[in-house]
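Below is one structure, written out as structure tokens, with a few remarks after it.
Hydrogens, waters and symmetry mates are skipped; everything else that's a heavy atom, side chains included, is used.
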Amino acid sequence: MNDRTEDAPPTMKLGYPCINTTIGCTANSTFRLASYSNQRFIETVRNNIRCTARILRFNVEHGLLFFRIGDLVPFASHPVCRIDWPLYFRRELAEAGQFIADHGIRISMHPDQFVLLNALDEGILRNSLEELDYHAKLLDALRLDSTAKIQIHAGGVYGGKSGSIARFAERCRRLPPRIRRRLVIENDDRSYGLADCLEVHRLTGVPVVFDNFHHERLNAGEPLREALLAATATWAAADGLPMVDYSSQQPAGPRGRHATSVDLRHFGRFLDATEGLDFDIMLEIKDKEQSALRAIRTLRRRRMPAA
DNA sequence: AGTTGTCAAGCTAGT
DNA sequence: ACTAGCTTGACAACT
């Protein structure tokens with residue numbers, strides 16, 4: 001499916017997560033819970049939506065057609081939030097979603113470390129489900145199809161990986177379809193490597209986002225190309241093109257820290273190793289769109305000579 | 001204006 | 001049983 005033929009050009013898109021460092025607005029603005037008010041909430045969300053729209057325009061102008069939406073609606077899953085924000089911002093969200101659809105932009109979201117579908121603690125599970133519900137609500141309010149994904153890790157180990165994977169799978173089966181159709185899991189760099197994620201896929205059908213940097217740190221010896229092939233094979237037609245997170249180690253930084261700026265030689269080797277495969281690339285590099293712009297020049301030169 | 005600690009939420013390894 | 005460390009980015013309080 002992801003192996004393209006000689007006739008079919010790659011449709012690969014490239015992008016970056018959450019933040020644009022050039023245009024001078026933030027789409028992930030938040031505030032302290034202690035200073036919560038309806039007014040502050042509404043102002044913050046309005047500004048976040050506006051900034052997201054500006055970023056998406058910038059991205060389209062620069063050929064960056066993959067974007068991860070960050071924390072657009074602070075406290076959305078917290079009981080303090082009493083506003084029906086999908087309704088309140090219905091028009092703005094639908095407009096942004098229309099822009100996304102019109103320009104063929106690929107969208108992902110990545111809830112953070114607190115979303116643990118295999119949690120042992122009922123409260124943590126409840127919070128995780130609320131948080132997943134928020135993410136699905138936002139993508140629904142943007143009126144995006146099932147190719148817009150919510151990406152999480154497999155979760156904690158809790159003293160037994162196979163039991164925790166089984167628990168993940170069981171919880172997954174019980175998810176409402178509006179969440180499950182968007183859920184994808186990403187290999188992490190400490191507990192659940194690619195092989196574990198493939199096992200989760202086998203049990204649930206959930207597609208696997210391959211993260212090359214995490215794979216460099218935690219693997220079972222699978223070469224890059226083989227690993228990426230296995231991950232991309234987990235994506236069905238309705239899921240869209242497979243998503244891949246790309247990053248490299250910050251040279252002088254502590255192990256695991258993302259590079260400040262893209263290492264084009266490392267990126268070139270990555271493209272060499274994955275030649276002929278089609279997937280969307282999320283560039284997880286600190287300077288965001290600046291590296292994405294450099295990377296897409298490299299990508300076009302190597303993969304899309306006609307474009 | 002710039003710096004530093006804190007933030008809704010958790011896991012893991014080490015003591 | 002408890003604490004420090006983990007990634008990340010932005011707020012908020014402080015210098």
Measure from the side chain of [X], starting at C-beta and using heavy atoms only, and say which of [options] lies closest.
| X | options | value |
| --- | --- | --- |
| A:Q113 | C:dG5, C:dA12, B:dG10 | B:dG10 |
| A:K288 | C:dC11, B:dA8, C:dG9 | C:dG9 |
| A:I124 | B:dT12, B:dG10, C:dC11 | B:dG10 |
| A:F114 | C:dA10, B:dA9, B:dT12 | B:dA9 |
| A:F31 | B:dC11, C:dT7, C:dA12 | C:dA12 |
| A:D112 | B:dG5, B:dC11, B:dA9 | B:dA9 |
| A:I19 | C:dA10, C:dG5, C:dT7 | C:dA10 |

Main chain of [Y], side chain of [X]: is a donor-acceptor contact present, judged purely on distance under 3.5 Å?
| X | Y | result |
| --- | --- | --- |
| A:D278 | A:M12 | yes |
| A:S291 | A:V262 | yes |
| A:E289 | A:T21 | yes |
| A:H153 | A:S191 | no |

Atom-pair distance ([atom1] on [X]; [atom2] on [N]), nearest Å:
| X | N | atom1 | atom2 | answer |
| --- | --- | --- | --- | --- |
| A:Y36 | C:dC11 | OH | C1' | 17 Å |
| A:Y192 | B:dC11 | OH | C1' | 11 Å |
| A:L72 | C:dG9 | CG | P | 17 Å |
| A:L117 | B:dC11 | CG | P | 13 Å |
| A:H78 | B:dA9 | NE2 | P | 8 Å |
| A:Y16 | C:dG9 | OH | P | 14 Å |
| A:I69 | C:dG9 | CD1 | P | 17 Å |
| A:D189 | C:dG5 | CG | P | 18 Å |

So which atom in A:F89 and which in A:I42 form the shortest heavy-atom distance, rounded to 0.1 Å? CZ-O, 3.5 Å
Decide yes or no on salt bridge (Lys or Arg N to Asp or Glu O under 4.0 Å) for A:R302 and A:D272, but give the supporting numbers first. CA-CA 9 Å; A:R302 319 251 311 226; A:D272 285 341; 2.3 Å; yes
Looking at the base of C:dA10, is there any donor atom on it, or on the side chain of A:T26, that sits under 3.5 Å from an acceptor on the other one?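 In this structure, the two groups form no donor-acceptor pair.
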Should [X] be listed as having a side-chain N or O under 4.0 Å from OP1 or OP2 of [N]?
| X | N | result |
| --- | --- | --- |
| A:S35 | C:dA12 | yes |
| A:S77 | B:dA8 | no |
| A:K286 | C:dT7 | no |

Euclidean distance for [atom1], [N] against [M] (whole angstrom):
| N | M | atom1 | value |
| --- | --- | --- | --- |
| B:dG5 | C:dG5 | P | 13 Å |
| B:dT12 | C:dG9 | C1' | 23 Å |
| C:dA4 | B:dT6 | P | 12 Å |
| C:dA13 | B:dA8 | P | 12 Å |

Have a look at A:R126 and say if it touches a base, only the backbone sugar-phosphate, or nothing, with a 4.0 Å heavy-atom cut-off.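 If one applies the 4.0 Å heavy-atom cut-off, A:R126 turns out to touch nothing in the nucleic acid.
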Starting at the 5' end of DNA chain C and moving along, which residue's nearest nucleotide shows up first, A:R190 or A:I285? A:R190
Contact list please: residues 148-163 of chain A against DNA chain B, heavy atoms, distance less than 4.0 Å, in numerical order.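 By residue number: A:G156, A:V157, A:Y158.
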Looking at A:D280 and A:R106, is any side-chain nitrogen of the basic one under 4.0 Å from a carboxylate oxygen of the acidic one?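 Counted as a salt bridge, because a side-chain N and a carboxylate O are separated by less than 4.0 Å.
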Residues A:D133 and A:R178 bridged, charged N to O under 4.0 Å: yes
For DNA chain B, what are the stems built from at least three Watson-Crick or G-U pairs in a row, each pair having both distances below 3.5 Å?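 Output for stems: B:1-7 with C:9-15, B:10-15 with C:1-6.
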Is the closest side-chain donor-acceptor distance between A:S29 and A:N48 under 3.5 Å? no
For A:F31 and A:F75, I'd like to know if the aromatic rings sit close, meaning centre-to-centre distance below 6.0 Å. yes
Close aromatic pair by centroid cut-off 6.0 Å: A:H266 and A:Y246: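 Yes, close enough.
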